[in-house]
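What follows is one structure encoded as structure tokens, with my remarks underneath.
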There are 2 protein chains.
Amino acid sequence: MPTIRDVARAAGVSPATVSRALNGSGYVSPETRQRVLDAAARLGFTPSYIARSLVRKATRTLGLLVPDITNPYFPAIARGVEDAAARAGYSVVLCNTDGDPDHEEDYIQFLRERQVDGLVLIASSPRAGELVARGDAPPVVFVDRVPPGARADVVVVDNRRGMLEATRHLLALGHRRIGFVAGRVGSGTAEERLAGYLAALGEAGIAPDSHYIAPGDFTFQGGYQAARGLLSLPDRPTAVVAANDLMAVGVCRAALEAGLRIPQDLAVVGYDDIPMAELIHPPLTTVAQPTYQMGELAARLLMERLEGRAGPEPRRVVLEARLVVRESCGAALAAGGRGG
Amino acid sequence: MPTIRDVARAAGVSPATVSRALNGSGYVSPETRQRVLDAAARLGFTPSYIARSLVRKATRTLGLLVPDITNPYFPAIARGVEDAAARAGYSVVLCNTDGDPDHEEDYIQFLRERQVDGLVLIASSPRAGELVARGDAPPVVFVDRVPPGARADVVVVDNRRGMLEATRHLLALGHRRIGFVAGRVGSGTAEERLAGYLAALGEAGIAPDSHYIAPGDFTFQGGYQAARGLLSLPDRPTAVVAANDLMAVGVCRAALEAGLRIPQDLAVVGYDDIPMAELIHPPLTTVAQPTYQMGELAARLLMERLEGRAGPEPRRVVLEARLVVRESCGAALAAGGRGG
DNA sequence: TTGAAAGCGATACCAC
DNA sequence: GTGGTATCGCTTTCAA
């Protein structure tokens with residue numbers, strides 16, 4: 001590996017001049033610059049980022065903490081982060097926390113040692129909020145989930161609003177008995193989505209019926225089990241909305257096994273718009289999260305802050321979810337609809 | 001940020017001693033060590049990885065190049081890499097190449113500058129082989145795909161064998177007219193899978209019929225289109241195997257639209273066992289790639305090599321794919337089966 | 001416009 | 001056992 005001194009020697013100048021020529025900083029005559037460039041090319045010189053980072057005190061590296069890259073919801077966020085970072089010459093270190101607060105903390109410490117400039121954090125632990133409060137922590141932007149009391153930039157989406165739209169859609173189609181498969185208790189996201197469902201019902205003057213609200217856990221199995229309960233109710237719902245797509249797919253399975261056709265006998269709507277949503281049969285009506293955009297935006301906010309292009313106050317950007325109507329809800333219910 | 005000198009001062013020793021105490025290298029009296037540890041804790045000292053990397057000439061960082069983390073096939077590989085790396089105290093930098101040889105090269109250069117110790121490469125370009133041949137390139141292990149002539153460690157799976165098993169399964173069920181939806185031409189993986197299909201047919205004494213082999217491109221749409229062709233053949237196949245799951249799902253869709261039931265009217269098998277394979281209806285019989293294991297193994301091979309624990313000759317590990325029988329092929333065909 | 005030299009923060013060799 | 005110090009490769013004043 002040739003160093004800057006080798007180039008300097010080969011070009012007959014000093015290391016300082018090589019540095020300037022290569023970085024375009026400071027004055028250097030066109031002829032000298034050319035000689036340096038030639039020498040560098042000839043030697044196959046690659047500047048050492050390590051050495052540079054040491055003096056500049058910046059690594060141009062971002063840490064990305066996701067619960068599990070294997071969960072279909074996260075790759076698009078990661079991709080958004082990586083694309084934005086790459087465009088700006090940053091690299092991103094991927095970490096899977098498994099939603100475990102201890103892993104999360106260990107990784108944050110690990111990344112701190114490695115001098116990453118900042119963190120994009122899809123937080124699982126409430127503790128994550130404290131971590132960023134510590135003076136020596138790198139700047140953080142929270143994506144998707146915000147731990148309570150975190151004074152940092154955040155990028156979230158309006159879950160309540162998204163679920164409101166989804167439920168309204170069902171209401172507009174004439175459904176009155178609408179089941180809800182909830183997310184994991186204690187999850188802010190789950191609560192917001194439930195709130196959206198409840199709000200839509202309220203608008204329509206429908207009193208929520210606790211029998212129609214089944215506990216879930218964001219998994220396929222959870223959705224399947226919940227739906228079996230819902231579908232065996234005496235007054236079974238004519239539609240069900242699940243707090244995420246994986247559970248909605250479980251609902252579809254349960255319906256199928258119960259001999260129900262979708263959407264004719266049961267309308268289903270999911271949430272997230274994971275890739276498989278449009279590939280299953282029938283294609284699932286769902287609420288799309290702007291996941292790629294979330295990641296991209298988060299990285300941009302973070303880099304802005306790192307480069308001093310952001311004010312001191314934390315920024316909060318709330319993205320809108322978008323209802324994607326496909327075929328799992330069919331057309332409007334016939335007046336006087338089915339089932340009693 | 002306190003430095004090692006601050007700790008030294010606080011503990012009343014020299015920086016050298018602090019380094020030894022903290023790293024457990026060299027002799028340090030128990031009392032001194034304790035004083036150093038206390039001082040370090042008190043100051044909240046975190047050693048600078050940057051500075052350490054500069055002198056040690058190793059960053060304990062791996063580069064991971066995948067075509068697109070958003071493609072459901074890759075997250076498990078990435079997770080395997082990350083887990084193995086994390087266990088050994090390495091971090092991993094994620095890069096999406098989009099299967100573009102130029103991006104790939106740019107990233108390799110980018111990572112070289114950043115002094116990553118080694119690369120896990122899911123290569124898209126044949127050129128990738130040359131890159132590792134260059135003397136100044138970091139050690140590489142190729143995963144899943146191996147560019148021609150690459151002298152480096154590789155972790156692959158036996159695609160031919162996997163597809164052989166899959167096709168045999170159909171044959172054992174009594175199918176004789178078996179359609180094949182191929183992968184993108186020029187893809188080694190696609191060719192190996194086709195070879196497996198052909199080999200199975202050969203074993204059964206069935207002459208391959210080119211009408212039954214439809215070109216595909218590894219996408220849902222591609223599978224859908226290919227199946228439409230296959231299903232409108234005068235002597236339509238009673239089973240079709242697709243070179244990957246996404247296409248198999250497309251095949252299912254086309255079958256459904258043609259009024260065919262799966263598996264009663266058409267047996268379908270896919271390849272890859274992506275997460276959605278078991279969630280669709282009917283659950284897809286497919287060939288599982290040991291993706292997580294591939295990533296994990298790749299990272300381990302790489303780290304072994306980086307740490308001088310590997311011999312000079314390139315290693316090639318070939319993992320076995322595993323047929324996962326679910327419900328999309330049903331039971332054996334009745335003797336004298338359908339269609340003619 | 002260019003060069004000398006002082007770091008950046010840790011490690012490791014060599015004395016003592 | 002412990003301390004001084006050169007060194008890793010680059011950037012960046014400060015002088016010339």
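Each chain gets a letter, A, B and so on, in the order the sequences are listed, and its residues count up from 1.
Glu113(A) places its CD atom 11 Å from the P atom of dA10(C), with the value rounded to the nearest Å. Protein atom CG of Leu43(B) is 14 Å distant from nucleotide atom P of dG9(C), rounded to whole Å. Taking atom CZ of Arg114(A) as the reference point, atom C1' of dG9(C) lies 16 Å away to the nearest angstrom. Between the CG atom of Asp6(B) and the P atom of dC8(C) there is a distance of 11 Å, rounded to whole Å.
Panel note: side chain Asn23(B), backbone Arg20(B); no donor-acceptor pair is recorded below 3.5 Å. The closest donor-acceptor contact from the side chain of Gln115(B) to the backbone of Ala58(B) lies at 3.5 Å or more, if one exists at all.
An OP1 or OP2 oxygen of dT2(D) is reached within less than 4.0 angstrom by a side-chain nitrogen or oxygen of Ser29(B).
Residue Arg315(A) qualifies as enclosed at atom CZ: its count of foreign heavy atoms under 6.0 Å is above 12.
Interatomic distance, OG1 of Thr291(B) versus CG of Asp144(B), reported as 9.5 Å (0.5 Å rounding).
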* To do: I would like to know whether Asp102(A) and Arg127(A) meet side-chain contact (heavy atoms from CB on, under 4.5 Å); could you show each step before the answer?
  => CA-CA 10 Å; Asp102(A) 291 335; Arg127(A) 273 192 267 163; 3.3 Å; yes

* Asked: Quick one: what's the B/S/- string for nucleotides 9-16 of chain D, heavy-atom cutoff under 4.0 Å, read 5' to 3'?
  -> BBSB----

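Residue Ser53(A) is out of contact with every strand shown, counting any heavy-atom pair closer than 4.0 Å.
Between Glu113(A) and Arg52(B) there is no salt bridge, since none of the side-chain N atoms of the basic residue sits less than 4.0 Å from a carboxylate O of the acidic one.
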